[in-house]
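Read the structure below first, then the notes.
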Amino acid sequence: MPDRAPQPVDRQLPTDEARDLISLVRDIAQREIAPKAAEEEDAGHFPREIFTLLSESGLLGLPYDSEYGGGDQPYEVYLQVLEELAAARLTVGLGVSVHSLACHALANYGTKEQQVEHLPDMLGGGLLGAYCLSEPASGSDAASLRTKAVRDGDGWVLTGTKAWITHGGVADFCTVLARTGGEGARGITAFLVPGDSEGLSAAVPEKKMGMKGSPTAQVHFDGVRIPDGRRIGEEGQGFAIALSALDSGRLGIAACAVGVAQAALDEAVAYATGREQFGRPIADFQGLRFMLADMATRIEAGRSLYLTAARLRDAGRPFARQAAMAKLFCTDTAMQVTVDAVQVLGGYGYTADFPVERYMREAKVLQIVEGTNQIQRMVIARHLAGPESR
């Protein structure tokens, strides 16, 4: 049987520090994450201990300022870390991306006093965050959210329900978008809410097609009281803060998608070069060779696309259009590549004895979260042709 063990991705990294960082991540992924991924996903086990390890290793705050416990890493490095983690287990890679998304508002719009008080624990103190924007009746139309925050003395009272919240029920803090004013985007404000606040609770996690180890749940705010010192940014600025976070978050999803696709390709190549039919490896047959070539090409294109967007972000240039393109292309790629990987493995690919069926189930959600791919197409088109006529 030919020896075609998957080789690590040959990454273009800007510094020796970044190369050492990727080596650390690969070591953790191979030793601590990948060996238990299939069993724990099947059991619906949330690997909180892995997130604790990542925090202790300085991997939960990579794109943020070291003054507050972050890693001072450019986005092009942070995203490649996410890709490595997602290739080992999407629950972990996407969980790190969501945590980073939950830190974005405070790190970029909080006051100096707020950042000094809260960011060190959020970035490197073992805490885990959730991002609370979507609601049962407002997903793609996020500006129509109904959760309210009402002034009460020197604080606020939050009431409402958020939906589809990653880490719902296990998060230590939540970045919450709530309505403080009139209808529409200008009436929304951002808040930092402790996960153990009185009146905050989570519903039973959703029963999902994939990512069973990552809890996704409704989060209820029943008269949750928080001081004004936990309001992030100005009143009415929340929706702009949310959109800013989502541009970066979409790149996180794109990187995770490439990680899942790469894991599926590696499995397909290993199987195709080892499985023999008609007296030779099935990888000798042109039909399969071309499938593998197309899979690899899509993955390389997706990786290049998300890295181009990340480098624009790192340079302080506009990147919203490229982020939408990366999210769209990379997640569609993950879906196609994982479907093809199942086909390469044939009947075995349809069984839980091999991981490609799990990759296929997981890839689907990436086309939905942080803006469906239909929304991404709308965003891209608006950059090209302007807003739709009303």
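The side chain to side chain contact (heavy atoms under 4.5 Å, CB included) with Met122 is formed by just one residue from the set Leu128, Thr175, Leu106, Asp172; it is Leu106.
Annotation: side chain of Met335 is in contact with side chain of Met360 (closest heavy-atom distance under 4.5 Å). Leu288 places a side-chain heavy atom less than 4.5 Å from the side chain of Val344. Side-chain contact between Asp340 and Arg298: present, with at least one pair of heavy atoms (C-beta onward) separated by less than 4.5 Å. Between Leu366 and Leu90, the closest side-chain pair of non-hydrogen atoms falls below 4.5 Å. In this structure, Glu362 and Thr338 have side chains that are not in contact, with every pair of non-hydrogen atoms separated by 4.5 Å or more.
Under a 4.0 Å N-O distance rule, the pair Glu135/Arg179 does not qualify as a salt bridge. Using a 4.0 Å cut-off between a side-chain N of Lys or Arg and a carboxylate O of Asp or Glu, Glu76 and Arg311 qualify as a salt bridge. Contact check on Lys36 versus Glu39 returns no salt bridge, with no Lys/Arg side-chain nitrogen under 4.0 Å from an Asp/Glu carboxylate oxygen. Electrostatic pairing of Arg361 and Glu41 does not count as a salt bridge here, judged by no charged N lying under 4.0 Å from a carboxylate O. Under 4.0 Å is where a charged nitrogen must lie from a carboxylate oxygen, and between Glu235 and Arg186 no such pair does. Using a cut-off of 4.0 Å between Lys/Arg side-chain N and Asp/Glu carboxylate O, Lys212 and Glu40 are scored as not salt-bridged.
A donor-acceptor contact shorter than 3.5 Å is absent between the side chain of Lys327 and the backbone of Ala254. Under a 3.5 Å cut-off, the side chain of Tyr350 and the backbone N or O of Leu345 do not form any donor-acceptor pair. Remark: side-chain polar atoms of Ser214 are not paired, donor with acceptor, to backbone N or O of Thr91 under 3.5 angstrom. In terms of modelled atom types and a separation under 3.5 Å, the side chain of Ser144 and the main chain of Asp141 share a donor-acceptor contact.
Pairs passing the ring pair (Phe, Tyr, Trp, His ring centres under 6.0 Å) check and including a residue from residues 137-173, sequence neighbours excluded, read Phe46-His167, Phe51-His167, His99-Phe173, Trp156-Phe191.
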**Asked** Checking side chain to side chain donor-acceptor pair (under 3.5 Å) for the pair Ser138/Arg146: CA distance, chi angles, key distance, verdict?
**Response** CA-CA 8 Å; Ser138 64; Arg146 311 311 303 168; over 6 Å; no
**Message:** Let's go through Tyr359 and Glu267 carefully: what are the C-alpha distance in whole Å and the side-chain angles of both, what is the deciding distance for side chain to side chain donor-acceptor pair (under 3.5 Å) to 0.1 Å, and is it a yes or a no?
**Reply:** CA-CA 10 Å; Tyr359 298 150; Glu267 192 70 23; 5.2 Å; no
**Request:** May I have the step-by-step check of side chain to side chain donor-acceptor pair (under 3.5 Å) for Thr331 and Asn373, ending in yes or no?
**Result:** CA-CA 8 Å; Thr331 59; Asn373 283 5; 2.8 Å; yes
**Prompt:** Between Asp332 and Gln336, does a side chain to side chain donor-acceptor pair (under 3.5 Å) hold up when you go through it step by step?
**Reply:** CA-CA 6 Å; Asp332 280 354; Gln336 184 62 59; over 6 Å; no
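The other residues sharing a hydrophobic cluster with Ile375 are Met378, Val379, where clustering joins ILVMFWY side chains under 4.5 Å apart. Membership of the apolar cluster around Ile380 extends to Leu305, Met325, Leu328, Phe329, Leu384, as traced through chained side-chain contacts below 4.5 Å between ILVMFWY residues.
Ring planes of Tyr271 and Tyr348: tilted class, angle from 30 to 60°.
Val193 and Val157 fall into different hydrophobic clusters, where Ile, Leu, Val, Met, Phe, Trp and Tyr residues are linked whenever their side-chain heavy atoms come under 4.5 Å apart, directly or through other members.
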